[in-house]
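Below is one structure; the comments refer to it alone.
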Protein chains: 2
Amino acid sequence: MEKKTTVTLKNLALRLNLSVSTVSRALNNHPDISAHTIQRVKELAEKLNYVPNLFAKGFRSHRTHILGVIVPNISHLFTSTLLKGILVEAEQNGYRVIISESNNEENKQTEMLQTMMQFGADGILLSLAKKTKSIHQVLETLQRIPLVLFDKVSEKVPCTQIVINEEEAAFNAVEHLIGLGKKRIAILKETENSFNSEKRFQGYKRALKTYNIPLDLKLVQSTEDISLNNGKRLTNVLLSQKVRPDAIFAITDNAAIGAIKALNKFNVRIPEDIAVVGFSNSINSTIIQPELSTVDQPGERIGRIAAKSLIDEINHPNKELISKTIEIKTNLIVRDSSFKAI
Amino acid sequence: MEKKTTVTLKNLALRLNLSVSTVSRALNNHPDISAHTIQRVKELAEKLNYVPNLFAKGFRSHRTHILGVIVPNISHLFTSTLLKGILVEAEQNGYRVIISESNNEENKQTEMLQTMMQFGADGILLSLAKKTKSIHQVLETLQRIPLVLFDKVSEKVPCTQIVINEEEAAFNAVEHLIGLGKKRIAILKETENSFNSEKRFQGYKRALKTYNIPLDLKLVQSTEDISLNNGKRLTNVLLSQKVRPDAIFAITDNAAIGAIKALNKFNVRIPEDIAVVGFSNSINSTIIQPELSTVDQPGERIGRIAAKSLIDEINHPNKELISKTIEIKTNLIVRDSSFKAI
DNA sequence: CTGAAAGCGCTTACAG
DNA sequence: CTGAAAGCGCTTACAG
C-alpha cells in the first residue's frame, strides 16, 4: 500500500474551480452557499477523505478544544477511574484530552503546566503532586487559562476544586468502628500530611473526641509512602506494642490490605480481635480475605464533575479568580473486615 | 487576582523596538543574532513569562509532537501500565500524548482515529477494540500517518505491532501445570476469540498435544467478558461436571481470581485438588489467597517500546507500509496457587 | 547583524 | 451566491 498526502481546502477548491472561501463555507453549511455547490463540495470532500486541520482551525479561533490533565501517577487504579470520568465528559462536549504525569515531582508539574499552555490547551485539570511546596506556577497558569483542581487539591489556589468529603468520610469510618465497640483504634496515615491524609486524620481525631476516646499517639502510625508493604510494616509495629489496637483505620485500601495480610500472618482474628477499614473501595478490597470495609470513593464521578466544571469555566470565563469547593459525598461500605454478618 | 493576556512575539518585538523575525531568531539562539540582542529578548521574554504557541509552531512545521493513543478502556490496571510506558517514552522524546477510549466499540474507534488525524497527531498508537470487524478506517489512517498497534493487534494491518509472546507464554503456563502432574487442565477463555485469547488458546492446545493429553472440550470454557465474576461462574460450571479438572488456566488474572474465589467457597484445596494459573501478574494476583501463579505481562515495557517504535517511524517515514511484529518475552511467575513450597 | 515578506490551513468581514 | 484579502503566531529564505 502507498501513503497518501493530506487533502486541504485549497486542493478541493482547485479541483472544483471554486475559491477556498466558498469551499470553507460550503463545508460549514453557510446559508449563503447554494445547495448545489454545497453538494458538489461535500461529495468531493467525502471522496478524497478530507479531514479539516483542527490545528489551523484552533489556531485561528484561539480555541483548541483540548483539555490538559496532569496527575501524579497514571498507573494507579483510582487515577484511571478519575481519567475515565474526565475522558467521558470531555468526549461528550467535543473536547480531546492530553494527559501527563507529574510523577509527584514539583519540577515536572511546573514543566507540564507550561507545555499544556504552549499546546494551547483551553483549560487544565490538575491533581497536585505530593511534594508541591510552591504553588507559583499553578497561580501563573491560572491567570492565563481556566484551571480546576481535583482529588489532590490545595486551599491556597483560588480556583474551583473538586474533592470528596474527606474529613466526614473518615469520621464516619471511625464512628462505625466505635459503634462496634472498638476503643483502641489505630490509624495508618502519611508522614507529611497531604491534603487528603490531613483531612482524614482530622476526621479520625474528631470521631475520637466526639466519643470521648483519648488520642493515643502510639496508635497513630505514619509513613512516607502509604503503600501495601508499608501497611504491613506499620501493622507489625502495632502488633509488637504492649497494648494492641482493636481496630485499624488505614487512609488507603492498599495500606488496609497490607494490614490484613500482616494480621492474617499472625492469625489475628478479623474483625473480632482487630477490625480493619480502608479508603477507596478499589477492586482489591473485594479480593482480599476477609473482604475489606472501605469508603467508596467515586473516581469516575469526580472526574466527570471536574471536567464539567472546567468546560463551564472555559465557556463562561470569570474576570476574577474565585475559590469554590465542590464536595462529593461518599458512602462507607461495610464488609467482613469490620463486621461479619452471621 | 486578575487574569493575564497572552504574550506573543509581536508583543515582545514592539516593546524592544525589534522585528518579529529577530525576536523569533533570538529566542531560538540563531547564530546570526548578536549576543546582546539575544540577552535583551530573553530577559523580556522571561519577565513577561512568554510561552511560545506550539500550535502556531506546529501548524507551520507540520509537526505537532503529539502522539494519539486509543485504548479500549482506560480504567483497567494493565492498560494504565501500558499508558505509563507510553507517557514516559513520549516525554523523553519531547512528545505529548492525547489519550482516548474506544470503549471496545468500532464506531468510536473510527471516530477517534479521525479526530486524532484532525488534531494533527504526528502518529497513532492503537490497541484495537474487541469488536473491530472492519479495519477499513485503520488502513485509511495508516496511509496518512504512522500508526503502531500494541497489545490488541491484528495481522490484517500492515504496520508495526508490539505484542507479547502470547502463544508461547500460554504454552509455558500449561506445560508448568503438566509438569506438576496435572492431566485434566481446564481453560477459561473468550467466546469470540480476540487476538490475545486466540493465541493463548493455541498455546494451550499445543502444550496438551506436545504431552499427549487429549483435548477435552468440556474443559474449554468460554465467556463473552473474561471478568472476575465470569471466572467464578465458569469455575462453578467446571465443578458441577462429573469429572472435575485438576487445574485451571485462565487467560486473565481476573478470571483466575474468580476461579480461586469459587474454589475457596467450596473448600477445594488449591493447588492440591485444583491448581490455578492466571495471566498478567496484576497487583491483584498477590492479594488473593493463595497467591496466584501468573504470566508476567510487562505493560510499561510494551508501552515504551510501542511509543519508541512510533517515534522512530515518525522520524524515518517509510514509503511503503510493511508488517513487522515485535514480540516481547514474558516469564511465568510461580506462586502458591499452582505450587506450594513446603 | 537585522528586517520585510511569504506562507502553514483555515475563517470571516468586506465587496461585488 | 461567490471571491479576494486579512489575519491567527510563528519560521525562514531572501535582501540588504
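Here the structure is a predicted model, which means the values were calculated and not measured.
- Here ring-ring contact (aromatic ring centres under 6.0 Å, His included) pairs that include residues 80-100 of chain A, with residues two or more places apart or in two chains, are A:His65-A:Tyr95.
- Looking at the side chain of B:Ser34, the nearest of the listed nucleotides C:dT2, D:dT2, C:dT11 is C:dT2.
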**Prompt:** DNA chain C in dot-bracket, Watson-Crick or G-U pairs under 3.5 Å, [ ] crossing, | other strand?
**Reply:** |||.||||||||.|||
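- Across all strands, A:Ser24 comes closer than 4.0 Å to base atoms (heavy-atom distances).
- Between B:Leu9 atom CG and D:dG9 atom P the separation is 10 Å, expressed in whole Å.
- Rounded to whole Å, the distance from CG on B:Leu27 to P on D:dC10 is 9 Å.
- Put simply, B:Tyr50 has a side-chain N or O that comes within less than 4.0 Å of OP1 or OP2 on D:dC10.
- Annotation: side chain of A:Val7 is not in contact with side chain of A:Val51 (no heavy-atom distance under 4.5 Å).
- B:Asn11 has its side chain out of reach of B:Leu48: every pair of non-hydrogen atoms, C-beta onward, lies at least 4.5 Å apart.
- Between the CD atom of A:Gln39 and the P atom of D:dC1 there is a distance of 15 Å, rounded to whole Å.
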Output one line per pair: protein atom, nucleotide atom from nucleotides 3-6 of chain C, and distance, for all N/O pairs under 3.5 Å.
{"unit_1": "C:dG3", "atom_1": "OP2", "unit_2": "B:Ser19", "atom_2": "N", "d": "3.1"}
{"unit_1": "C:dG3", "atom_1": "OP2", "unit_2": "B:Ser19", "atom_2": "OG", "d": "3.2"}
{"unit_1": "C:dG3", "atom_1": "OP2", "unit_2": "B:Thr22", "atom_2": "OG1", "d": "2.5"}
{"unit_1": "C:dG3", "atom_1": "N7", "unit_2": "B:Arg25", "atom_2": "NH1", "d": "3.3"}
{"unit_1": "C:dG3", "atom_1": "O6", "unit_2": "B:Arg25", "atom_2": "NH1", "d": "3.3"}
{"unit_1": "C:dG3", "atom_1": "O6", "unit_2": "B:Arg25", "atom_2": "NH2", "d": "2.6"}
{"unit_1": "C:dA4", "atom_1": "N7", "unit_2": "B:Ser21", "atom_2": "OG", "d": "3.1"}
{"unit_1": "C:dA4", "atom_1": "N6", "unit_2": "B:Ser21", "atom_2": "OG", "d": "3.0"}
{"unit_1": "C:dA5", "atom_1": "N6", "unit_2": "B:Ser21", "atom_2": "OG", "d": "3.4"}

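- Atom CG in A:Asn29 sits roughly 15 Å away from atom C1' in D:dC1 (whole-Å rounding).
- Within the structure, the salt bridge (charged side-chain N to carboxylate O under 4.0 Å, His left out) test picks out the following pairs touching residues 104-128 of chain A (sequence neighbours left out): A:Arg63-A:Asp122.
- Qualifying salt bridge (charged side-chain N to carboxylate O under 4.0 Å, His left out) partners for B:Lys84, counting only residues two or more places apart in sequence or in other chains: A:Glu101.
- Look at CG on B:Leu12: it is 16 Å from P on C:dT2, rounded to the nearest Å.
- Put simply, CG on A:Asp32 is 12 Å from C1' on C:dC14, counting in whole angstrom units.
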**Item:** Trace of the side chain to side chain donor-acceptor pair (under 3.5 Å) decision for A:Lys42 with A:Asn29
**Value:** CA-CA 10 Å; A:Lys42 289 201 172 172; A:Asn29 295 312; 2.7 Å; yes
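- By the 4.0 Å N-to-carboxylate-O rule, A:Glu89 lies too far from A:Arg301 to be salt-bridged with it.
- Partners of A:Ser323 by side chain to side chain contact (heavy atoms under 4.5 Å, CB included), not counting sequence neighbours, listed by chain and number: A:Pro158.
- To the nearest angstrom, P of D:dG9 lies 16 Å from CE of A:Met117.
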**Message:** Using side chain to side chain donor-acceptor pair (under 3.5 Å), reason through A:Thr37 and A:Ser34 one step at a time and then give a plain yes or no.
**Reply:** CA-CA 5 Å; A:Thr37 306; A:Ser34 72; 2.7 Å; yes
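- Look at CG on B:Asn28: it is 10 Å from C1' on D:dC10, rounded to the nearest Å.
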